[in-house]
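Data first, discussion second: the structure below is written as structure tokens.
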Amino acid sequence: RISDARADDKPLVIFAAASLKNALDEIAGDWVASNHTKPVISYAASGPLAKQIEAGAPADIFVSADLDWMDYVQKKSLILERSRLTLLGNKLVLIAPRTSSATLSLVPGANLAALLGEGRLAIGEPSSVPAGKYGKHALEKLGLWDQVQGKLAMADSVRSALLLIGRGEAAAGIVYQTDAAADANVRIVATFPDDSHPPIVYPVAVVAASTNQQAQPFLDFLRTPQARTAFERQGFNVIAP
Amino acid sequence: MSGWELLGLSAEEWTAVQLSLRVATVATLASFPFGLAVAYVLARGTHPGLVILNGVVHLPLVLPPVVTGYLLLLTFGKHGTLGPFLAEHLGLVFSFRWTGAALASAVMAFPLMVRAMRLSIEAVDRKLEVAAGTLGAPPLAVFVTITLPLIVPGILAGLILSFAKSMGEFGATITFVSNIPGETQTLPTAIYTLMQVPDGETGAMRLVLVSIGISMAALVVSEWLARRASGRASLS
Amino acid sequence: MSGWELLGLSAEEWTAVQLSLRVATVATLASFPFGLAVAYVLARGTHPGLVILNGVVHLPLVLPPVVTGYLLLLTFGKHGTLGPFLAEHLGLVFSFRWTGAALASAVMAFPLMVRAMRLSIEAVDRKLEVAAGTLGAPPLAVFVTITLPLIVPGILAGLILSFAKSMGEFGATITFVSNIPGETQTLPTAIYTLMQVPDGETGAMRLVLVSIGISMAALVVSEWLARRASGRASLS
Amino acid sequence: MTLQVDVTSRAGDFALSAKFETTGGLTALFGPSGSGKTTLMELIGGIRRPAQGHVSLDGQTLSNSNSGRFLKPHQRRIGWVFQETRLFPHMTGRQNLTYGQWFVRKRDRREDLDRVVALLGIEHLLDRKPATYSGGERSRVAIGRALIASPRLLLMDEPLAALDDARKAEILPYIERLRDEGSVEILYVTHSLPEVVRLANQLVLMSNGKLLASGETTDLLSRFDLAPALGEGEAGAVIEAVISAQDEAFQLSQLTARAGQLFVPTLDLPIGTPVRLRIKARDVMIALDRPIGLSALNSLVGKIQSIEPGSAANVNIVLDCQGDRLLANLTAKSAEMLGLRPGTPVYAIIKSVSFDRLGLGMKP
Amino acid sequence: MTLQVDVTSRAGDFALSAKFETTGGLTALFGPSGSGKTTLMELIGGIRRPAQGHVSLDGQTLSNSNSGRFLKPHQRRIGWVFQETRLFPHMTGRQNLTYGQWFVRKRDRREDLDRVVALLGIEHLLDRKPATYSGGERSRVAIGRALIASPRLLLMDEPLAALDDARKAEILPYIERLRDEGSVEILYVTHSLPEVVRLANQLVLMSNGKLLASGETTDLLSRFDLAPALGEGEAGAVIEAVISAQDEAFQLSQLTARAGQLFVPTLDLPIGTPVRLRIKARDVMIALDRPIGLSALNSLVGKIQSIEPGSAANVNIVLDCQGDRLLANLTAKSAEMLGLRPGTPVYAIIKSVSFDRLGLGMKP
Ligand SMILES: Nc1ncnc2c1ncn2[C@@H]1O[C@H](COP(=O)(O)OP(=O)(O)OP(=O)(O)O)[C@@H](O)[C@H]1O
Ligand SMILES: Nc1ncnc2c1ncn2[C@@H]1O[C@H](COP(=O)(O)OP(=O)(O)OP(=O)(O)O)[C@@H](O)[C@H]1O
Ligand SMILES: [Mg+2]
Ligand SMILES: [Mg+2]
């Protein structure tokens, strides 16, 4: 059991957004290779993770896919504010099923409705799923929101949205570039301009209650070139210096 | 001022309440004949292949709901295995429709419904069915006049379990038909969404109470019906 | 080469398999006495207050699993209503421990277990219990020697439903005790994680098959036991 | 109507084999508890599948292990009065009673609810569920239910066992009528010999899964060798007679048998009707001279045919009364005191009141 | 042991009220189907709660509607043989039989499994579950189960109804022994008058929820006014006698009653034993002169006390034979032919073989 382990080889417990699994698993491997104890990573949606930290979860590091939930825990002084760092960035793309030949350039006034036709636009649930939140913001900024508001299919995660598009249920959708690039069933139609939405970032921080000496070193490890390669291989851009 | 305003619900939430009722009712009633048939076959059949059917029936219980939702998508989606066929020949379209939510609920609740009915069927004294046969009743008539009335408790239990499960089903539904207000946004998906927003708990709890209220009402009705039925069947 | 390598599982996944088995078994067995007691009271009791108990038992079915998980967090968490008390006086710690996963599973499966057992208890011929009483058996002895053996089918159904549900329970578990490999990462949460990343489906489906395999084995055993029990009880 | 049965069956340690044929009317199935009577009925009714053999009714094969033919119970029109009644617990008395009517064609319906209800005295049960019936009330409703279904073969498994004599006496004439109307054949299990005598034209004796004997009731009941199977004190002769006069003043019927004239309690049947009566061996006294000043009305002239030791203190005497065979059961002491030997001419004395109403009826 | 009952109860339309007291031994509960016998037993056994009244056994109050006292069945040590047997379906015969033993203190145990099993002939059922038992086998196991539980009051609800006469004859002496040992009181429902005569020292007659009469069996059975309740052809006198000689050669016992000497089939009891015997009215003949050359061994000297019209063609004659009251049932025609009047001196003729073994036994 985690709490019973001796302090020196007590593994790090990382609460991380599920979308980072591939990259973080690889980096964790590298971390072990450089003579550290294997960290324990609990992947879930950012919201539950934040609430669990609030409820006293034995986490050392919180990697959020969402600014709001990191702010939530910070406001409650559950993280070490000085350790907080904006680690990764991502891009938002408009995708369609692989078989689709639609084209569209994402400029104000573009005819997204025509691209959808009778179909729906799959998107993360805008109030709870970060990708949806960014997507809604971008569409509003581009003045396209009203065109599609009644045609949304709101998924519970960006992966579910991707699935809906990949299966051809939805005519198009908005997901992260990282997810779109890895899925052969979808085709990227266009990338949203960076200024159409707040920067897509993945903040990380050490949990305030953590007593694990390895927490800060691991956070530092996430900024090494080795880690950077791993993140980039999954399509993220590493923002942290 | 309408009822939902009294409850402090938004129009959208009120829609979700109505939709949930519809989805739960349709899911329960539409799956009932299938549930009953499967329960009967599992209770009475002797074919060794039934072990497969039994396994399949239990799958929605065993699988994480997202997986079930995923499999539903592969099967009943617009481009799924059965989806196009059903749409063309029976006019049944599930994708992004409340019918899809009902299907997801029905599938998730199916093992519960089947098990309750099966238990009741297994408890029926088969000597009574034999007696009905000797009075000239062919098998179907025996089922309708003897078996069915005797398993009313199991049927009611199956229906209420299915209804309650439908009121709470969320994972498979949202994966299968996503979350479209007015079409597929049921109470549980609305609650889930609220739970995912920082400080959304209060709003969620209000909906939770509505959901509990509906389910408890259904429960009380089902208990009352069961009591009536068993009161009719015996007393001593 | 170990079994899990043959199945193509990683060490972590194998841990999740073992943990799931443990969680499902403990959840099922530990909730059994409570389930049986509640089923008995609901089947036989006449107190009007039982309608409340009945409602509470059904709650985990009605509520979206995240809500149940959240309520568990509020109740049994480190800073929850009962958590500190239980930790101090009974040494029972649930928060972020496999025991918590078992608790979540047990709670989620409770309505299913109770209903199955209750249906069986209601089907017991009470004249037999009366007969046992006239032979001098006090109520507890009647329960153990008459009622219990007669409801074996319901007990087995309740146990297998609980076990299967535990193998698939995900929403309440991940909300309550997170998804910590080796501690709270069960098969369904592991599957969920894999479903959340690109190219994770293949891995997920492998785990799904493992999960199905385990559940089907449990199912077959339970059916066999049920057949044996009923074979013992009657034949004609 | 004829029922042909030739079956073997096995359940656990219990093996049954039986071969017999009936010629219509009512056939009693008689034998100790556990001898296989219910099992045999189940084989005939199609509730149990014979291991070997065949059953046919009126020429129609109901089951045949060679051809594999096996009609389901509902295809046989074989009605049952089950030993454990098997009433439908969720139905009222009325619904139970009329259940079978739904599945009979109109023209095959023979029984009317009201008549059956009145006969069985179950008016008060019509609107109640069986859970509150008494034991005998359950049997009565079960009998009614089977009757109203108008089967062509009726299997009755100890239908009157739970009833008092008064109630039995009301129902028996009705079963006789059923038997004599000829539209239904009856197989009747009972442990009561008076019922057998009264009702059965044929008798099948079972013991331990085997057929001990089968044939005409009259013949089997006159066989002293079957006495152990039939029960102590129940042996007797069955003779045939016709009603030759009615004495209305004293409410007696005078019968003429080959043996002579007999007075019996009045039978409400026309003069000339052939009847059958059972004279229990224990009710027959022997006198060397025609008795005078004795209340017994019947004395028949006969000759002792044989004297055999019976059970314990008794001897069984077979009398030949002008061709009618009579049995008498005396103490050995009496036989000795009177010096009875085969060939001794004697009078057989029988009280009129000793004719058992349950065992006296039309010739089936 | 004494049982005091004074209860009223109501179930739906059926109202029951009964007040009687027993003085130990075996009390028969007799009455038509639906008259409330089972209900009355349920009130005594604590399965049903009386609306009013009280039940006490041996001075211990079992229920009392005034004080609100009501012992649960398992606190009463009242055993049951249920009309519908209620065997435990999940237990073998052996487990069913020994079930009650777990709950009796060692010193209260009176019955031994092996003996009961042998008596009831149920060896072959010990390792089987009840589902495959025949009807009669179920009753036998139910009887055994109740006996082995060694209750202080045993309620037997038509325990022998499903059994053949041979089996009954084996079980009856055992019930007599139980009755005479005095450690258990028995309440016994039956529709068979011979069983009543043989077993019951007291009789409770029920009709339509009411107590028709209760008292000593001897007294009630001699009352012609109760004949309709007792059943046709079953009226008879019960007289008391002692065994005065044993005729081993002819296997007869000679009894001495006030009425005179009687020969009956041998009773395996010592000389001097008081016995009770029932002489059915239908088995008694009347002669004006002492008969000669007649096989009947018994002729008692008496005087006609009264002649009453009986059912149909019959008259009921009460005889006074030196203080013993005898009943005779003759046809009116015989009575007329013999010119019988009250006061006429007559001989009552009775065949020895007509004494019913089922109805002949030690004075209870
Ligand atoms: N599966 C079985 N294994 C062993 N014996 C069995 C099985 N099924 C039935 N028997 C036996 O077969 C015998 C015949 O049963 P059946 O019910 O035909 O008797 P019955 O003549 O109707 O007796 P009763 O008059 O008591 O009703 C019984 O002794 C019963 O115990
Ligand atoms: N709830 C009820 N409503 C109406 N009548 C009832 C109810 N319960 C019992 N009775 C009636 O009470 C009467 C007495 O039943 P009980 O079982 O005591 O009869 P019994 O004397 O044992 O008859 P049997 O010899 O047929 O077993 C029956 O006529 C029965 O129908
Ligand atoms: Mg039988
Ligand atoms: Mg009764």
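Since this is a predicted model, take the numbers as computed values, not measurements. In what follows, chains carry the letters A, B, and so on, assigned in the order in which the sequence lines appear, proteins first and then strands, with residues in each chain numbered from 1.
Proximity to chain D (any heavy atom under 4.5 Å) is shown, for D13(E), by neither the backbone nor the side chain. Contact of I349(E) with chain D is made through the side chain alone, with heavy-atom distances under 4.5 Å. Only the side chain of R140(E) comes within contact range of chain D, with at least one heavy atom under 4.5 Å from a heavy atom of that chain. Interface remark: F263(E) contributes side-chain atoms only to the contact with chain D (heavy atom separation under 4.5 Å). If you measure heavy-atom distances from E84(E) to chain D, you find no contacts under 4.5 Å at all. If you measure heavy-atom distances from P32(E) to chain D, the contacts under 4.5 Å come from both the backbone and the side chain.
Looking only at heavy-atom pairs under 4.5 Å with chain D, the residue among T190(E), D289(E), V284(E), T38(E) that has the most is V284(E). Contact tally against chain E (heavy-atom pairs below 4.5 Å) for G136(D), A11(D), A249(D): the top residue is G136(D). Of all the listed residues (T85(D), L340(D), I292(D), L294(D)), the one sharing the greatest number of non-hydrogen pairs under 4.5 Å with chain E is L294(D). For the set L252(D), V346(D), T39(D), the entry with the most heavy-atom pairs within less than 4.5 Å of chain E is L252(D). Most heavy-atom pairs under 4.5 Å with chain E, from the set E137(D), M285(D), R128(D): that is M285(D). Here D164(E) is the residue among D164(E), N314(E), L288(E) with the most heavy-atom pairs under 4.5 Å with chain D. With respect to chain D, the highest number of heavy-atom pairs below 4.5 Å among S134(E), S139(E), G36(E), S35(E) belongs to S134(E). Taking G121(E), G31(E), G34(E), G12(E) one by one and counting their heavy-atom pairs under 4.5 Å with chain D, the maximum is reached by G34(E).
In summary, K351(D) and D283(E) do not engage in a salt bridge, as defined by a charged side-chain N under 4.0 Å from a carboxylate O.
Under a 3.5 Å cut-off, the side chain of R10(E) and the backbone N or O of L16(E) do not form any donor-acceptor pair. In this structure, Y347(D) contributes its side chain and P291(D) its backbone to no donor-acceptor pair below 3.5 Å. The main-chain N or O of S33(D) is never found under 3.5 Å from a side-chain atom of R167(E) such that the two would form a donor-acceptor pair. When atom types are taken as modelled, the side chain of D157(E) and the backbone of V81(E) share no donor-acceptor pair closer than 3.5 angstrom.
A distance of 8.5 Å separates CG in N329(D) from CD1 in I317(D), rounded to the nearest 0.5 Å.
Closest approach of K129(D) to Y133(D), counting heavy atoms only: O-CE2, 3.3 Å.
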Per-pair distances, 0.1 Å, donor-acceptor, side chain in residues 332-339 of chain E, under 3.5 Å, sequence neighbours excluded:
unit_1, atom_1, unit_2, atom_2, d
S334(E), OG, S295(D), O, 2.6
S334(E), OG, T331(E), OG1, 2.9

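Among residues two or more places apart in sequence or in another chain, the side-chain contact (heavy atoms from CB on, under 4.5 Å) test is passed with S207(D) by L212(D).
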